[in-house]
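Lettering of chains follows the sequences in order, A, B, ..., and the numbering in each one begins at 1.
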There are 2 protein chains.
Amino acid sequence: MADRLAPVCEAIARLLSPHAEVVLHDPATDSVLAIWNPLSKRTVGDPSLLGELDELTPVGTDVYGPYPKSLPDGRRLSSVSAVIRDGEGRPEAVLCVNVDRSAFDAAARILAAFAAPATAQPAALFAGDWTERLNETVADFVRDKGATLDGLSKSDRVELVAELDAAGVFDQRRSVPTVARAMGLSRSAVYQLLALSRKEPADADPA
Amino acid sequence: MADRLAPVCEAIARLLSPHAEVVLHDPATDSVLAIWNPLSKRTVGDPSLLGELDELTPVGTDVYGPYPKSLPDGRRLSSVSAVIRDGEGRPEAVLCVNVDRSAFDAAARILAAFAAPATAQPAALFAGDWTERLNETVADFVRDKGATLDGLSKSDRVELVAELDAAGVFDQRRSVPTVARAMGLSRSAVYQLLALSRKEPADADPA
DNA sequence: ATCCGCCGTGGACAAATTGTCCACGGCGGA
DNA sequence: TCCGCCGTGGACAATTTGTCCACGGCGGAT
């Protein structure tokens, strides 16, 4: 089957080149079956890191995303995935397309900046629903750490709180209780983590 | 002098057409001397509404902006202005270029949306510098009303506060004192306006 | 098994902020 | 001149924020 998918993958890769890579995964071994136009350095046989899909809401049958990802060098990607099943409904392959957004981001920035400092009337962007963004941020962090909420280590928590702090979350009214709820902690625990994170800049383990 | 400026104005208008208008104002009578490629419906002789310039920080000698403005139909503009002086330093004319940003905005939105719901890592967008956005919002409002800060009517103030409220500004910690400063009012005045604005949805003058 | 240290919990409290109220003074119109 | 409206500043109550600490659970070392 993977063979029959190959032309499709290559076609997509060519269409979007050089801004996208196409990866075919083997869900059984959780490894890369084939890759076209790699952006990341992965090659055939590398682990897939596909567990992530479990977390995501499929938008339709076996279709996931688009969802954001990042390359180690900081470039941002938009990704979609599709599960290919055999005649009996068993997953046979997972096809992922990762588009490098940086070129589009740059162009958008150029256009958006055209003769304009402009914030204008969309004042409605001040707060939006910061509570949702908070949850997202926490969820992302947890996912990145590959753990669950209560499986986080202390230093993980400090790190997360530091991130939220840097993001200005705590300038929001009533944020501490909300963060506490989002992290599944007590209010005081959050204050304690916050104190820690503000004490030591960004160390891992002091000797 | 205005005559000698005409070719310049027309050239600029043609270069940017159909996305920009060029207006030549007479600061003495505060009216429109000439206009090329009008976006607004102003014609020669109309009042200029130029007092606004006093409020803005010039970026260089007699050069203002770019600053955002809006057309009655909602299109957003980016504007720059320049003061032309005679041999003795008296203002002789004011040249304004207003670029219709809507096309650029649209293009930017398309690019920005490319394959992306993306919240990604820019968590740093939570608060940004809401204080600056606050000032901008206030300044925009004042400019739109064509008045100065202390020239606002009571209902204007209520309206502005309502806008800020809707924008979620007051969910920000310590926002009331800051808003008070930005509006040149006392803290209690802001609370009073806020109470009013929350009482009546959006009426002008109840019978 | 027991002890110890780490960590989070909850609650008590002090400090700060937020929201209300009101008397006073300026200002414009009848 | 008198009146009504409006903002000011300050007093105060209500809430929220931040700190502290004793208690209890849990895992590792003894």
Q: Write down the distance between CG (B:L196) and P (D:dC5), rounded to a whole number of angstrom.
A: 13 Å
Q) Which nucleotide, in any strand shown, forms a Watson-Crick or G-U wobble pair with C:dT9, with both distances under 3.5 Å? A) D:dA22
Q.
Under 3.5 Å for both donor-acceptor distances, Watson-Crick or wobble: does C:dG29 have a partner, and if so which one?
A. D:dC2
Q: Tell me which of A:Q192 and A:P177 sits closer to the 5' end of DNA chain D, going by the nucleotide each one is nearest to.
A: A:P177
Q. In whole Å, what is the span from the CZ atom of B:R181 to the P atom of D:dT8?
A. 14 Å
Q: Would you indicate what B:L185 reaches in the nucleic acid, counting non-hydrogen atoms under 4.0 angstrom: base, sugar-phosphate, or nothing?
A: sugar-phosphate
**Q.** Euclidean distance, atom CG of residue B:D165 to atom C1' of C:dG19 [Å, nearest integer]
**A.** 14 Å
Q.
Could you report the tightest heavy-atom contact between A:L152 and A:R157, atom names first, then the distance?
A. O-NH2, 3.3 Å
Q: Please report the shortest heavy-atom distance between A:D171 and B:Q172, naming the atom on each side.
A: O-OE1, 3.3 Å
Q: Go through C:dT18, C:dC7, C:dT9 for me and flag the one nearest to the B:Y191 side chain.
A: C:dT18
Q) What pair of heavy atoms forms the shortest contact from B:P177 to B:R187, and how long is it? A) CG-CD, 4.1 Å
Q | Minimum-distance nucleotide to B:S188 side chain [options: D:dG10, C:dT18, D:dG18] | A | D:dG10
Q | Single hit among A:N37, A:L95, A:I35 for side-chain contact (heavy atoms from CB on, under 4.5 Å) with A:V22 | A | A:L95
(Q) Rounded to whole Å, how long is the line connecting atom CZ of B:R187 with atom C1' of C:dT17? (A) 8 Å
Q: Would you mind reading off the distance between A:K154 atom NZ and C:dC6 atom C1', rounded to a whole angstrom?
A: 8 Å
Q) Between A:V161 and A:F170, which heavy-atom pair has the shortest distance, and what is it? A) O-CE1, 3.8 Å
Q) Nearest-Å distance, CG (B:L194) to P (D:dG7)? A) 14 Å
Q: By nearest nucleotide on DNA chain C, pick out whichever of A:S186 and A:R173 is the more 5' one.
A: A:S186
(Q) What's the closest nucleotide to the side chain of A:R174 if the choices are D:dT8, D:dT17, C:dG10? (A) D:dT17
Q) Tell me: CG of B:L193 to P of C:dC21, nearest whole Å? A) 16 Å
Q. Which nucleotide, in any strand shown, forms a Watson-Crick or G-U wobble pair with D:dT16, with both distances under 3.5 Å?
A. C:dA15
Q.
Between C1' on D:dG18 and CZ on A:R198, what's the gap in Å once rounded to a whole number?
A. 10 Å
